[in-house]
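Presented below is the structure to which this report refers.
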Amino acid sequence: MIAAVPRGRVITYGQVAAAAGRPGAARLTVWALRHSEGLPWHRVVAAGGRIALPGVEGREQRLRLAIEDVTFRGGRVRMDLHDWSPGRRGPRPVGVRPRRASGSRR
DNA sequence: GCTTTGACTGGAA
DNA sequence: GTTCCAGCCAAAG
């Protein structure tokens, strides 16, 4: 499940657990990450796009995600753009969409 | 076997 | 917005 998350997308602990047939068992996802190797761990975030990893590792996670064109807002991943799992494997230009130069906020 | 430990979650206050 | 609490599952002690 986790290994299937493509670059530029993220998934939440709860979604992974649910997809594994264990809704509500988000902690199992933690266990899986802790006991597995070669997984794109940085693409797993807490509900609402929050980074669950404390301290330095959390910062590294954000960096890795940023490198994959994942955008943030106030320290959270924009789940409306990068959330994965609904089955949207289509190569949708997840990241920033071109914005006209004039005016506009942020 | 029972208790503790997690990178959690959703709802209530 | 934030904090608290009970619920969740599997492995390790």
Side-chain angles (χ1 to χ4, degrees):
Chain A
M1 186 67 211
I2 297 172
V5 180
R7 172 180 171 293
R9 299 288 188 61
V10 299
I11 192 171
T12 70
Y13 299 89
Q15 287 173 341
V16 174
R22 284 197 145 100
R27 311 188 92 114
L28 283 183
T29 305
V30 176
W31 185 91
L33 284 171
R34 272 262 173 268
H35 294 267
S36 305
E37 293 174 46
L39 289 179
W41 59 271
H42 57 284
R43 300 191 186 132
V44 183
V45 299
R50 288 186 325 248
I51 301 299
L53 267 173
V56 181
E57 295 210 284
R59 268 193 297 272
E60 184 181 330
Q61 182 172 21
R62 289 194 210 175
L63 279 173
R64 292 196 178 213
L65 289 174
I67 293 174
E68 299 189 344
D69 301 315
V70 171
T71 55
F72 294 79
R73 183 184 37 128
R76 322 261 181 52
V77 173
R78 291 202 191 185
M79 293 308 275
D80 52 323
L81 295 179
H82 309 286
D83 181 42
W84 193 80
S85 78
R88 23 174 93 195
R89 33 236 173 227
R92 169 144 261 74
V94 174
V96 295
R97 71 180 53 251
R99 188 157 296 291
R100 63 200 49 121
S102 61
S104 77
R105 62 332 165 267
R106 307 178 40 75

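These numbers come from a predicted model, not from an experiment. Labels below follow one simple rule: chain letters A, B, ... track the order of the sequence lines, proteins then strands, and each chain is numbered from 1.
Distance OH (A:Y13) to C1' (B:dT5): 15 Å, rounded to an integer number of Å. Summarising the geometry, the separation between CZ on A:R76 and P on C:dG1 is reported as 7 Å, rounded to the nearest angstrom.
In this view, A:L63 satisfies the side chain to side chain contact (heavy atoms under 4.5 Å, CB included) rule with no residue, not counting sequence neighbours. Remark: A:L28 engages A:R22, A:A25 in a side chain to side chain contact (heavy atoms under 4.5 Å, CB included) (not counting sequence neighbours). Residues satisfying the side chain to side chain contact (heavy atoms under 4.5 Å, CB included) criterion with A:A32, sequence neighbours excluded, are absent altogether.
Of the residues in residues 28-64 of chain A, those lying under 4.0 Å from DNA chain C by heavy-atom distance are A:L28, A:W31.
Residue pairs meeting the side-chain hydrogen bond (donor to acceptor under 3.5 Å, both in side chains) criterion with at least one member in residues 49-62 of chain A, sequence neighbours excluded, are A:E60-A:R64. The ring pair (Phe, Tyr, Trp, His ring centres under 6.0 Å) contacts involving residues 34-66 of chain A comprise A:W31-A:H35, where partners must be two or more places apart or lie in separate chains.
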